[in-house]
Undergrad: 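Have a look at the structure that comes next, please.
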Amino acid sequence: MIRQLFWVLPAIVWAGLGWNEMSKSAEPATPDESAVYMGRPLEYWTAAASEKTEHPATILDALMQAYRSGDLNSMVAAADAMQALGPRAVRAAGLLTETLDHIEPWVRTAAMDALTAMGGQSVPALVEAFETGSAGTRVRAAMVLGAIGPDARAALPVLQAAATTETETMRRRLQAIIDAIHGPAAATDADRPAAASFRMSDEAAFVAVAAKTDDWPQFRGPGRDGISAETGLLDEWPEAGPPLLWQLDGLGRGYSSVSIAGGTVFTMGDRIGADGEEHQYALAFDLETRRELWATRVGPPHSDGPRCTPTWDAGIVYVLGTSGDLLALQADSGQVIWQRNLPEDFGGVVMSVWRFSESPLVDGDRLICTPGGPEATMVALNKRTGETLWKCAMPAIGDAGNDGAGYSSAVVAELAGVRQYVQLLGRGLIGVDAQTGRFLWGYNRIANSVANIPSPVVRGDYVFTTTSYQTGCALLHIQRDGDRFRAEEVYFLGPRDFENHHGGVILLGDYLYGGNGQNNGQPTCLKLATGEIQWKERGPSAGSAAVVYADGHLIFRYDRGPLALIEATPEALRIKSVFEPVKGAGPAWAHPVVHRGRLYLRHGDLLACYDLRAGD
């Protein structure tokens, strides 16, 4: 039976980012308001779990009743509330493990998050589920044990026994869970910098300046940093949220965000074509009328759709499909200018099975992407013709992680006097000479074997990087000695301090802001120079959060749907507003976009537009 479990690992554990193996079912809506548990509606008990207004045992009794009701929305809401109770909800651990193989992905996700929040208290129930449950249950139980980390050490004998019977690939993947339980080595004084060890040649470089453009032409905006230069926006939202201006349906399945340029919205999605079959498409819509301008087939569909956000540059749109199809399209017509395929042309591979997710980078005349192949880890193409300009073969930089491309998008920066492309791969972070493609430096410690996702953040000669799955974050000082480069670790923080899953982090002045935790979006502020946590508190929603900055505030988009408006200050966490936008199917992982006073939210098949302007 253990062997049967790990034959299905690639299809279940490694088939979608986070806990989810996405189906086409919709995200749960508000629980049935007519349902009453222990004399009160479920909304009362979920609020009590957060605000601690009732005895925890009483709250848990009501939540367990709701979970047993079988109503999908009530089950998810109850499990999310159990997550707020943490270890005090351990009496429900057995109930939750019974639903780890539930047909509804959101029930599975909520159950796993709640079990993780219980920490070591849930380990006995998880071990029993691993030993006796279905294949899907065992896989998800193992994932939760890995997320719990060192507090799950009691599960190691069972997991280690399973690892001894497997193929090399399967052993490595299970070993990643075992390593997460072992946890990182205790930090030493050498892991943390002295106050004077972090120096910038120009103190003014610590002032974040968004690129001067009215458009949002690529993933995470003009500077690929999640920063909008918009001003004159609402500093608080109405209780029901900012005004909904319009909603557009028909984007198809996927997590691609939107890019906006020249009055056109670009995105990607998996949907049914004129031939009655499902395909992956690049899409363009008129921003004013919402009329579809064109839909160009990119490649085959994926189980939960594409991740790439189209990149617009000088009238050309560049997209990357999940099967590695890289296309350059005329922005006004969708006509194909040129096309490459990363596996076929460059031996491209991805570190695990979540397929290609990168948003291509345009730098001057070069189009940069990351095939992840042994001879072409990163490549530069002529952006007009698709001709190969150079290929970078990455040398061995360490044992952590897996070979291949990660799920991050590269950034460009001047480091140690050389223009470089900085990218997070399956084996860690690397820097590549922009002009020649020469490999310059690598950093392996930040890699995990599951999924390396967030884009790096650069300031001067320093690079901040973070990954989840019980990994952490690090600040690196890129130094040069003649033709040799090295990445000197300024500090490394483990997952108990800060780890970002896939919502990204934003650098404003001296401070970093983002969501902390695996499948979590705990609002957190760190000082860049030292890694000191300024504040870190429980967020207003379960799930991970994608973050964008505009006009003095951070917008946290939680994958359950809610949005939070948070003041961008290191002084304290100040949540100004929270609201529930219109919802689509699956997790809301697409990054939010702020463009000309409006907020754009992609959620599955739909795109919603909200008015953020403060008015006259």
Undergrad: Between His55 and Ala57, is there a donor-acceptor pair closer than 3.5 Å when you use the side chain of the first and the backbone of the second?
TA: yes

Undergrad: What residues form a side-chain hydrogen bond (donor to acceptor under 3.5 Å, both in side chains) with Arg91, not counting sequence neighbours?
TA: Asp61

Undergrad: Just jot down the side chain to side chain contact (heavy atoms under 4.5 Å, CB included) partners of Val548, sequence neighbours excluded, or say none.
TA: Trp216, Ile555, Pro592, Val594

Undergrad: Donor-acceptor pair, Gln470 side chain versus Ala147 backbone, under 3.5 Å?
TA: yes

Undergrad: Okay, side chain of Asn444, backbone of Ala400: is any donor-acceptor separation there less than 3.5 Å?
TA: yes

Undergrad: More than 12 heavy atoms of other residues, nucleotides or ligands under 6.0 Å from CD of Glu375: yes or no?
TA: no

Undergrad: Return the set of residues passing salt bridge (charged side-chain N to carboxylate O under 4.0 Å, His left out) with Arg88 (not counting sequence neighbours), or none when no residue passes.
TA: none

Undergrad: Just to verify, which of His501, Glu499, Gln518 counts as forming a side-chain hydrogen bond (donor to acceptor under 3.5 Å, both in side chains) with Tyr469?
TA: His501

Undergrad: Ignoring hydrogens and angles, state whether a donor on the side chain of Thr322 or Arg307 is under 3.5 Å from an acceptor on the partner side chain.
TA: no

Undergrad: Could you list the residues that satisfy side chain to side chain contact (heavy atoms under 4.5 Å, CB included) with Ala608, not counting sequence neighbours?
TA: Leu244, Val582, Leu606, Tyr610

Undergrad: With sequence neighbours left out, write down each residue that passes side chain to side chain contact (heavy atoms under 4.5 Å, CB included) with Val349, or none if nothing qualifies.
TA: none

Undergrad: Tell me, please, which residues at least two apart from Phe219 pass ring pair (Phe, Tyr, Trp, His ring centres under 6.0 Å).
TA: His591

Undergrad: With Arg40, which residues qualify under salt bridge (charged side-chain N to carboxylate O under 4.0 Å, His left out), at least two apart?
TA: none

Undergrad: Examine distances only and state if a side-chain atom of Ser256 and a backbone atom of Thr267 form a donor-acceptor pair shorter than 3.5 Å.
TA: no

Undergrad: Report the residues that fulfil side-chain hydrogen bond (donor to acceptor under 3.5 Å, both in side chains) with Glu358, sequence neighbours left out, ordered by chain and then residue number.
TA: Thr370, Gln423

Undergrad: Of all residues at least two apart in sequence or in a different chain, which pass the side chain to side chain contact (heavy atoms under 4.5 Å, CB included) check with Ser50?
TA: Ala84, Arg538

Undergrad: Could you tell me if Asn341 and Asp325 have a donor-acceptor pair between their side chains, going purely by distance under 3.5 Å?
TA: yes

Undergrad: With sequence neighbours left out, write down each residue that passes side-chain hydrogen bond (donor to acceptor under 3.5 Å, both in side chains) with Thr99, or none if nothing qualifies.
TA: Tyr67

Undergrad: Counting heavy atoms not belonging to Asp275, are there more than 12 under 6.0 Å from its CG?
TA: yes

Undergrad: Partners of Glu344 by salt bridge (charged side-chain N to carboxylate O under 4.0 Å, His left out), sequence neighbours excluded?
TA: none

Undergrad: Not counting sequence neighbours, which residues clear salt bridge (charged side-chain N to carboxylate O under 4.0 Å, His left out) with Arg355? List them please.
TA: none

Undergrad: Under the criterion salt bridge (Lys or Arg N to Asp or Glu O under 4.0 Å), I'd like the reasoning laid out for Arg427 against Asp403: C-alpha separation, chi angles, the key distance, then a yes or no.
TA: CA-CA 6 Å; Arg427 289 291 183 187; Asp403 292 335; 2.8 Å; yes

Undergrad: Could you check whether Arg271 makes a cation-pi contact with Tyr281, meaning its NZ or CZ is under 6.0 Å from the centre of the six-membered ring and within 45° of the ring axis?
TA: yes

